[in-house]
Chemist: 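Pasting a structure here, questions to come.
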Amino acid sequence: MQINNSKLKKELPLTSKNLMKMLDVWKIHYKSYSHEPVMSVKEAKLVQEELFGLDKNNGHIKNLYLRDKRKNNILLVTHQDALIDLKLLAKIINMDRLSFGSPNRLFENLGVLPGAVSPFAMINGANKNVSLFLDKNLKSFRKIYAHPLENDKTLEISIEQLEKFFEKMSVIPNWIDLDFIDN
């Protein structure tokens, strides 16, 4: 079944504007950037250099929505250049046969469309029993960059402020050891 992005965008459970209002109320500090919509890390890299420069102290992330053979839903957040072996990841997180979730399941469980997956989607995923796994290497970055539920904006946020967001959502992130390779 093909997902209708334009129709579903009107039905998003929470818009980026509303998410940022919530972050403001919770006194979670971030900086917002608007840009053309991006669907992949490759596209995002073109925007990143223009908007953020090449500061190696800041981490750009990729987010994978996965499911295991028991239909457990997983959000994996790692550095954008991480090479992920799903078989090895399944062993690390003690799950069986990981695969990518469909766009429909992504929308159902995280409330976002493909290209807009980010840790902020846990605002919807927390109520859908989505497990959150983050690469502990992300803690070494001063700031990270994540989409606020839509892929035409990026928020710059510190790990400490992101963890404050998780606390507000009663989400306990699983920090795991993944080595990443810069391309």
Side-chain angles (χ1 to χ4, degrees), residues 5 8-39 41 44 47-48 51-53 55-66 72-80 82 93 101 103 105-178 180:
N5 285 0
L8 285 179
K9 191 165 185 174
K10 295 175 187 171
E11 299 173 13
L12 287 172
L14 189 66
T15 65
S16 61
K17 185 177 180 180
N18 289 335
L19 172 68
M20 289 186 284
K21 284 180 185 178
M22 292 173 75
L23 295 175
D24 292 340
V25 167
W26 293 334
K27 297 183 179 15
I28 295 174
H29 306 286
Y30 65 91
K31 186 173 181 181
S32 177
Y33 298 88
S34 293
H35 51 75
E36 62 197 50
V38 294
M39 291 297 295
V41 168
V47 171
Q48 290 165 7
L51 285 179
F52 314 115
D55 188 345
K56 294 287 186 186
N57 293 313
N58 296 327
H60 297 278
I61 60 174
K62 71 177 167 186
N63 309 272
L64 304 178
Y65 170 64
L66 305 166
N72 294 307
N73 296 290
I74 298 146
L75 175 58
L76 174 68
V77 181
T78 186
H79 187 272
Q80 70 182 1
I93 65 174
R105 286 191 183 110
L106 170 67
F107 188 79
E108 178 184 320
N109 290 296
L110 289 176
V112 295
L113 300 172
V117 184
S118 84
F120 293 114
M122 288 305 294
I123 200 162
N124 300 311
N127 297 329
K128 299 286 186 168
N129 295 316
V130 175
S131 297
L132 175 64
F133 292 89
L134 294 104
D135 182 349
K136 75 175 187 176
N137 289 310
L138 293 175
K139 289 185 175 188
S140 68
F141 294 106
R142 191 176 47 207
K143 303 279 185 184
I144 63 166
Y145 296 90
H147 293 306
L149 310 179
E150 296 175 48
N151 65 350
D152 62 349
K153 293 177 191 60
T154 297
L155 298 187
E156 176 185 275
I157 191 166
S158 70
I159 292 294
E160 295 78 19
Q161 293 297 303
L162 186 60
E163 287 180 319
K164 187 175 174 182
F165 167 76
F166 295 145
E167 287 175 26
K168 293 290 185 182
M169 302 283 64
S170 298
V171 169
I172 300 170
N174 298 288
W175 291 96
I176 58 175
D177 189 9
L178 295 176
F180 65 82

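Just so you know, these numbers come straight off a predicted model, no measurement behind them.
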Chemist: Is I159 close to F141 at the side-chain level, that is, under 4.5 Å between some pair of heavy atoms?
Modeler: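 No; the side chains remain at least 4.5 Å from each other.
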Chemist: Keeping N174 on the side-chain end and L132 on the backbone end, is there a donor-acceptor pair under 3.5 Å?
Modeler: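 Looks like yes, one N/O pair under 3.5 Å.
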Chemist: Is any side-chain heavy atom of E163 closer than 4.5 Å to a side-chain heavy atom of K139?
Modeler: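 Side-chain contact under 4.5 Å: yes.
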Chemist: Quick one: does I74's side chain get under 4.5 Å of I93's, heavy atoms only?
Modeler: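 Yes; the side chains approach each other to less than 4.5 Å.
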Chemist: Is there a side-chain contact between W26 and E167 (heavy atoms, below 4.5 Å)?
Modeler: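 No, every pair of side-chain atoms sits at 4.5 Å or beyond.
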Chemist: Could you pull out the closest heavy-atom pair between A146 and I61, with the gap in Å?
Modeler: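 A146 and I61 have their closest heavy atoms at CB-CD1, 3.8 Å.
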Chemist: Take K168 and M22 through the side-chain contact (heavy atoms from CB on, under 4.5 Å) test and state the conclusion after the steps.
Modeler: CA-CA 10 Å; K168 293 290 185 182; M22 292 173 75; over 6 Å; no
Chemist: Supply the atom-to-atom distance S170 OG to N127 CG, rounded to the nearest 0.5 angstrom.
Modeler: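 Answer rounded to 0.5 Å: 9.5 Å.
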Chemist: Kindly indicate, with the supporting measurements, whether the criterion side-chain contact (heavy atoms from CB on, under 4.5 Å) is fulfilled by T154 and V47.
Modeler: CA-CA 10 Å; T154 297; V47 171; over 6 Å; no
Chemist: Rounded to the nearest 0.5 Å, what's the gap from OG1 on T78 to CD1 on I176? Could you check?
Modeler: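 Reported value, rounded in 0.5 Å steps: 8.0 Å.
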Chemist: Which pair of heavy atoms, one from L14 and one from L149, lies closest together, and at what distance?
Modeler: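 Residues L14 and L149, closest heavy atoms: O-CD1, 3.5 Å.
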Chemist: As a test of understanding, state which of D135, L138, I144, L162 forms a side chain to side chain contact (heavy atoms under 4.5 Å, CB included) with V77.
Modeler: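 Exactly one pass, corresponding to L138.
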Chemist: In Å and rounded to the nearest 0.5 Å, what is the OG to CD1 distance from S32 to I157?
Modeler: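 The OG atom of S32 sits 11.5 Å away from the CD1 atom of I157.
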Chemist: Only one of Q80, E156, H60 clears side chain to side chain donor-acceptor pair (under 3.5 Å) with Y145; which?
Modeler: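 Exactly one option meets the side chain to side chain donor-acceptor pair (under 3.5 Å) with Y145, and it is E156.
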Chemist: May I have the list of side-chain donor-acceptor pairs in residues 108-123 shorter than 3.5 Å, sequence neighbours left out?
Modeler:
residue: N109; atom: ND2; partner: Y65; partner atom: OH; Å: 3.0
residue: N109; atom: ND2; partner: R105; partner atom: O; Å: 3.0
residue: S118; atom: OG; partner: F120; partner atom: N; Å: 3.1
residue: S118; atom: OG; partner: H147; partner atom: O; Å: 2.5

Chemist: What are the two closest heavy atoms between S16 and E150, and how far apart are they?
Modeler: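 Scanning both residues, the minimum pair turns out to be N-OE2, 2.9 Å.
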Chemist: Taking side chain to side chain donor-acceptor pair (under 3.5 Å) as the test, write out the residues that go with N72, two or more places apart.
Modeler: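 Per chain and number, N72 pairs via side chain to side chain donor-acceptor pair (under 3.5 Å) with D68.
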Chemist: Identify the heavy atoms of W175 and K136 that sit nearest to each other, and give their distance.
Modeler: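 Minimum heavy-atom contact is CE3-CA, 3.6 Å.
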Chemist: Any chance you could measure F166, atom CZ, to L134, atom CG, to the nearest 0.5 Å?
Modeler: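 These two atoms lie 5.0 Å from each other.
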Chemist: Mind running side-chain contact (heavy atoms from CB on, under 4.5 Å) on V171 and V130 for me, showing each step along the way?
Modeler: CA-CA 9 Å; V171 169; V130 175; over 6 Å; no
Chemist: Look up atom CG in L76 and atom CG in L64, then write down how far apart they are to the nearest 0.5 Å.
Modeler: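 Going from CG on L76 over to CG on L64, the span is 5.0 Å.
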Chemist: Return the minimal non-hydrogen interatomic distance between K27 and Q161, and the atom names on each side.
Modeler: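 Closest approach of K27 to Q161: O-OE1, 3.7 Å.
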Chemist: Verify the distance criterion only: is there a donor paired with an acceptor across the side chains of S158 and H29 at less than 3.5 Å?
Modeler: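 No - no donor-acceptor pair under 3.5 Å links their side chains.
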Chemist: Hey, does N129 have a side-chain heavy atom less than 4.5 Å from the side chain of N73?
Modeler: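 No, too far: nothing below the 4.5 Å cut-off.
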Chemist: Any idea which heavy atoms bring N151 and V38 closest together, and the distance?
Modeler: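 Scanning both residues, the minimum pair turns out to be ND2-O, 2.7 Å.
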